[in-house]
Amino acid sequence: MRKRKLRSISAALTVAAGSLAAGAVAPQPAGALTAPVAITADNLPTWQTNGIVFAMAQANGTVFAGGTFSSVRPSGEAAGGAGEQEAVNFAAFDAATGAPTDCKLSFTVGSGTATVRALAVSPDGTTLYAGGFFGAVNGTPVSSLAAIDIATCAVKSGFGVSVNATVRALAVSGDTVYLGGDFSSVGGQPRSDFAAVSTSGAVTPFTADGDAPGRALALTPDGSKAILGGDFDRVNGTASHALAVVDAGTGAVVKGYGSSFIPSTSVVKDIATDATGFYTGNEGTGGGVFDGRIAINLSDLNQRWRDTCLGATQSVEVYKTVLYSGSHAHDCSTMNEYPNQRRKHLLAQGVDNPAKLGWFPDTNDGLGEGIGPRAMSLASSGGTDYLWVGGEFTTVNGVAQQGLTRFASGPDTGVPTTPNVSVSSVTPGSVAVRVQTSLDLDDSSLTYRVYKNGGATPVYTTTASSLPWVRPQFTWTDTDVTAGATYTYRVTASDGTNTTVKSPTQTVTAATVPEAYPTQVLADGATLYWRYNETANTFVADNSPADDGGNHVGGPTRGVSPGALTGSASTAVTYNGTTQWSYSDAKHSRPSSYSIETWFRTTTTAGGKLVGFGDRTSEISATTDKHVYMTNAGRLIFGVRSGSNRTVTTSAAYNDGQWHHVVATQGSTGMRLFVDGALQASSPFTTGGTDYTGYWHVGGDNLSGWTSRPTSNYFAGSLDETAIYPSVLSPAQIALHYSLGTNG
C-alpha cells in the first residue's frame, strides 16, 4: 500500500492528586507507552532538492544525499529561485547548518536516467560507497558502484567494480562492501541480487543469490551475519521470502523466513540495527499486505514485535531506544490506534514495544510514487544530534520544503495547540469546565492550568495525555460558585518549556435551579451527551461523566441556531448535508444494549444519517450500523447489521421543518424506534449485531447498501441534545424526555 528534554506518554492519564472531580478522568490514548522521544518535531532550515532523495549516509558531521535530482536550493526558496546550485543526483551537507559543503559529485549515465539508490560509509569514516544506476562520477567511468574518498571528495580509482544493473542497498564492514539490487553479474562473476566485494574491489566468495531484487542490507553488530531484505522468495535455493539472515563470510543462509512471516504481497525496503535487534521497514501491494515494521531479536533471530499499520514503510533508523520510521501510515486500527484516515509520514516507537510514541512531525506524499519519506540518517555535530530525512515530499509540517529536512535533539521550540474549552452549569452550586486536550507534535503529556475570572494564578492544574488521533476530554467541576453569578474561565497547556496563550474566554452564569432536561438525561445514565453549545473550534463537548467528547468535521454551524428544548438558551448544530459531520474521539466496543437519542429539524429531500456507529473517524466508514437515518421522503429508519442489514421504518415523514425527538433502542426486546415520545416501528427478532469497534457519528456517514438509501449520506438540518446510553430506555423514560423537551 502502495529534545533536549525527554518527554513521554503517560501509562495512564494522570491528574493532580485530589484535584479532579468524580467522573472527570478522560480515556487514555490507545497504545500509549512510557518511553523517551529524544528528537524534537521542530524541523530546521535545510537546503532542498528539486527531485527525490532515495539514500542518505553521514560521516563526521557531513550528511550525504543521493537520488534523482539535478539541483539544490536554500530553505524557503522555490525551484529555480535565487541561490539554486547544480547537484546531479548527489549532494553533501553540513549536518548542523543544513547547507551544502564544497563536496560536489555528479553521477551520470550515457543513456537512461542516472540515479543514486544507496549510500554507506566505511567504519573508519574515510570512504563513501555509492550504488545506483550510473556510468560515471565527475566524468570518471564507474559501473553502478563507486568508492569516494571523503577527505578529497574524489573517486577512488583503485575500486573498479563493474555491476551490470542497479545497486539498491549497501552495507560496509572493515574490509568488505555488501551490495544488493537487480544485478546478475558483479566484477564479471555471476551473482544474483546480492554480492560482496573487498574494499580493494575484488569479488569475494560470498554468495547469497536471490531470485528477485535485493532492496535492503545490514550487518549484525559483531559483523558475523548479513541481513538481507527485498522482493525475493529464495536465497541460495532456500525458501525465505523478503527477509533472510546469512553468514557474512560465505552467504550461507543462517535463518530463513517463510511467506507466512512476511506475506508474499509484501517486501522489505529498509533494515536498521542496534545492540540487541534489527528492524525492518516493509511495503506491500494489493490486499492482505504487510506495510509496517518488525523488530527481531539478534539473540535468536525471532520476532520481538510487529507493527501492522498500513502505509508502505520505506525507512527505519534507531536512536536512543526509539525506532524512527518514514512511511505514509494511514490505518493503524489493527494496532488499536487510529483508523483509516489522513496519512502520517513520520512515526516513532520504542524498540521494545510497537505502540506509537509522541512524535508526529509530518511531510506530504509529494512527487514520484506518492510515498513521502524514503531515507533517514543520524548525524552529530557540536554536541547536537540530528535526524535527517529525505524523500519525495514537498512540504514539512505544512510548509513548503522539498526532498530534505532535519530534526534535532534540541531545543524544543514547538508550542502546543491552544486548548478548546466549553463551560456549562445545569445544577446549582457547580460549573463544569470541559477541556479538549491539546496537540503537541513531540510531547504527548502536557500540563493544563485553568484560570478563573481573569486571575493570574490557576485555580486548577492537571496533566493529561493526547495523540493526533485521540485528544481526550477532561472535566473540572468548580464548586466555588454562587447561584446566578457570572464566571469566566481560560485554560493554558504547557510541555514544560513552551506554554500556549490562554484559551478564549468562556463565560457562564451559575444555575439557580436544576435544568430539567439535561438533569433527566444524566439521571437515566447517558454516557455520551452532546449539547452543541460551543460557538467556535472543532470541539464538541460531552456533558456526561464519561468525558466522551468529539470533533466536528467540515465546519458545521455552531452557537447560532436556537436549540430544540422549549425555554432553554441552548443552541443546536446545523449540517450542510454534503461535507459536514461529527464523531466521538474515543473508540468504543460494540454495545450489546443501547439507546440512541437526538432531536432534529429539517426540510431536506435528500435524506442522510442523523446518528450512527462507524469504524472510521475523519473519513467515511467502511462498516456502519446502529444508526438512525432519513430517507428522501423524510421517513426515519433504524438499522442494525446482524448477519444482514435489519431495519425498521416509520410510516410518517418528519422533514417538515419542525423539531422532532427520536430514540432508537436495541436489546433483549429487539429493535424499537420512537418518535416524539411514541413507538413508531419495532422488530422483536434482532437482539444482536456485528461485533466491531468504532466511533459514534452525528450528521453523516456511509449508507451504502442500506434499505431506501437516500441521495446523501449526510444530513442537511439541525441536531440537538444527542445522547447515547449503555442500556435500553423504557417507553416511560422516552416519553418523559420528550415531555421535558417540549414543555420546559
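A donor and an acceptor atom, one from each side chain of N533 and S570, are located under 3.5 Å apart. Using modelled atom types and a 3.5 Å distance limit, the side chains of S668 and T687 yield no donor-acceptor pair. Between the side chains of S595 and T665, not a single donor N or O lies within less than 3.5 Å of an accepting N or O. Checking D478 against Y489 by side-chain atom types alone, a donor-acceptor pair falls below 3.5 Å. Counting only N and O atoms by type, the side chains of S708 and T631 include no donor and acceptor under 3.5 Å apart. In the model, D548 has no side-chain atom that pairs as donor or acceptor with a side-chain atom of S584 under 3.5 Å. For the residue pair N543 / R434, a side-chain donor-acceptor distance below 3.5 Å is found, with atom types taken as modelled. A donor-acceptor contact under 3.5 angstrom links the side chains of N340 and E619, judged on distance only. In summary, the side chains of Q733 and D524 do present a donor paired with an acceptor at a separation below 3.5 Å, with no hydrogens or angles considered. In summary, the side chains of T538 and H552 do not present any donor paired with an acceptor at a separation below 3.5 Å, with no hydrogens or angles considered.
Atom CG in D495 sits 9.0 Å away from atom OG1 in T447 (nearest 0.5 Å). Taking CD of E597 as the reference point, atom CG of L729 lies at 6.5 Å (rounded to 0.5 Å).
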Next on the checklist: Pair D701, N713 - check side-chain contact (heavy atoms from CB on, under 4.5 Å), show working.
Outcome noted: CA-CA 6 Å; D701 202 3; N713 289 325; over 6 Å; no
Item to check | Worked check of side chain to side chain donor-acceptor pair (under 3.5 Å) between T488 and T507 | outcome: CA-CA 4 Å; T488 64; T507 303; 5.8 Å; no
Checklist entry - Stepwise, does the side-chain contact (heavy atoms from CB on, under 4.5 Å) test hold for Y594 with Q666? => result CA-CA 6 Å; Y594 59 92; Q666 186 189 21; 2.7 Å; yes
Item to check | Residues Y338, T617; criterion side chain to side chain donor-acceptor pair (under 3.5 Å); working and verdict | outcome: CA-CA 9 Å; Y338 56 89; T617 55; over 6 Å; no
Next on the checklist: One pair to check against ring pair (Phe, Tyr, Trp, His ring centres under 6.0 Å): W659 and F600. What are the steps and the verdict?
Outcome noted: CA-CA 6 Å; W659 279 110; F600 67 95; 8.1 Å; no
Next on the checklist: If you apply the rule side chain to side chain donor-acceptor pair (under 3.5 Å), what do you find for T686 with S642, and how did you get there?
Outcome noted: CA-CA 7 Å; T686 305; S642 181; 5.6 Å; no
Checklist entry - Stepwise, does the side chain to side chain donor-acceptor pair (under 3.5 Å) test hold for T492 with T500? => result CA-CA 6 Å; T492 63; T500 68; 5.0 Å; no
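The heavy-atom pair separating V573 from R558 by the smallest distance is CG2-CG, 4.2 Å. Nearest approach of E534 to A541, heavy atoms of both residues: OE2-CB, 3.2 Å. What you find for A355 and E337 is that their closest heavy atoms are CA-OE2, 3.6 Å. The minimum heavy-atom distance linking C309 with M335 is given by the pair SG-CG, 3.9 Å. The shortest non-hydrogen separation linking Q506 to V423 is CB-CG2, 3.7 Å. Contact between Y714 and Q580 at its shortest, heavy atoms only, is CD2-O, 3.8 Å.
Of the options Y517, Y532, Y529, W599, a side-chain hydrogen bond (donor to acceptor under 3.5 Å, both in side chains) to E721 is made by Y529 and by none of the others. When each of R343, R342, K344 is tested with D362 by the rule salt bridge (Lys or Arg N to Asp or Glu O under 4.0 Å), just one qualifies, namely R342.
Looking only at side-chain heavy atoms (C-beta outward), R449 and S494 come within less than 4.5 Å of each other. Between V560 and T574 the shortest side-chain heavy-atom distance does not fall below 4.5 Å. With a 4.5 Å cut-off on side-chain heavy atoms, V675 and T650 count as touching. A 4.5 Å side-chain heavy-atom check between L522 and S544 finds at least one atom pair inside the cut-off. No side-chain heavy atom of T462 sits less than 4.5 Å from a side-chain heavy atom of W476.
Ring geometry for H660 against Y654 counts as perpendicular: the plane angle is over 60°, on a 0 to 90° scale with 30° as the lower cut. Ring-plane geometry between Y629 and W706 is classed as perpendicular, the angle between the planes exceeding 60 degrees on a 0 to 90 degree scale with a lower cut at 30. Relative ring orientation between Y583 and H697 is described as tilted, the plane-to-plane angle lying within the 30° to 60° band.
The backbone N or O of N655 lies less than 3.5 Å from no partner atom in the side chain of T602, so there is not a single donor-acceptor pair. Side chain of T334 to main chain of T308: a donor-acceptor pair is present (N/O by atom type, distance under 3.5 Å, no hydrogens or angles). Side chain of R672 to backbone of S682: no donor-acceptor contact under 3.5 angstrom is found. In this structure, N645 contributes its side chain and G705 its backbone to a donor-acceptor pair below 3.5 Å. Panel note: side chain S621, backbone D615; a donor-acceptor pair is recorded below 3.5 Å. Remark: the backbone N or O of S430 is paired with a side-chain donor or acceptor of S425 at under 3.5 angstrom. The backbone N or O of P339 lies less than 3.5 Å from no partner atom in the side chain of D331, so there is not a single donor-acceptor pair. One N or O on the side chain of S438 and one on the backbone of T417 form a donor-acceptor pair closer than 3.5 Å. N702 places no side-chain N or O within 3.5 Å of a backbone atom of I620 that could act as its donor or acceptor partner. Checked by atom type and distance alone, the side chain of R635 pairs as donor or acceptor with a backbone atom of S651 at under 3.5 Å.
Close placement of the F474 and Y448 rings is indicated, their centers lying within 6.0 Å of each other.
Under 4.0 Å is where a charged nitrogen must lie from a carboxylate oxygen, and between K356 and D307 at least one such pair does. Checked for salt-bridge contact, R531 and E515 meet the test: a charged N lies under 4.0 Å from a carboxylate O.
More than 12 heavy atoms of other shown residues, nucleotides or ligands fall within 6.0 angstrom of atom CG in D691.
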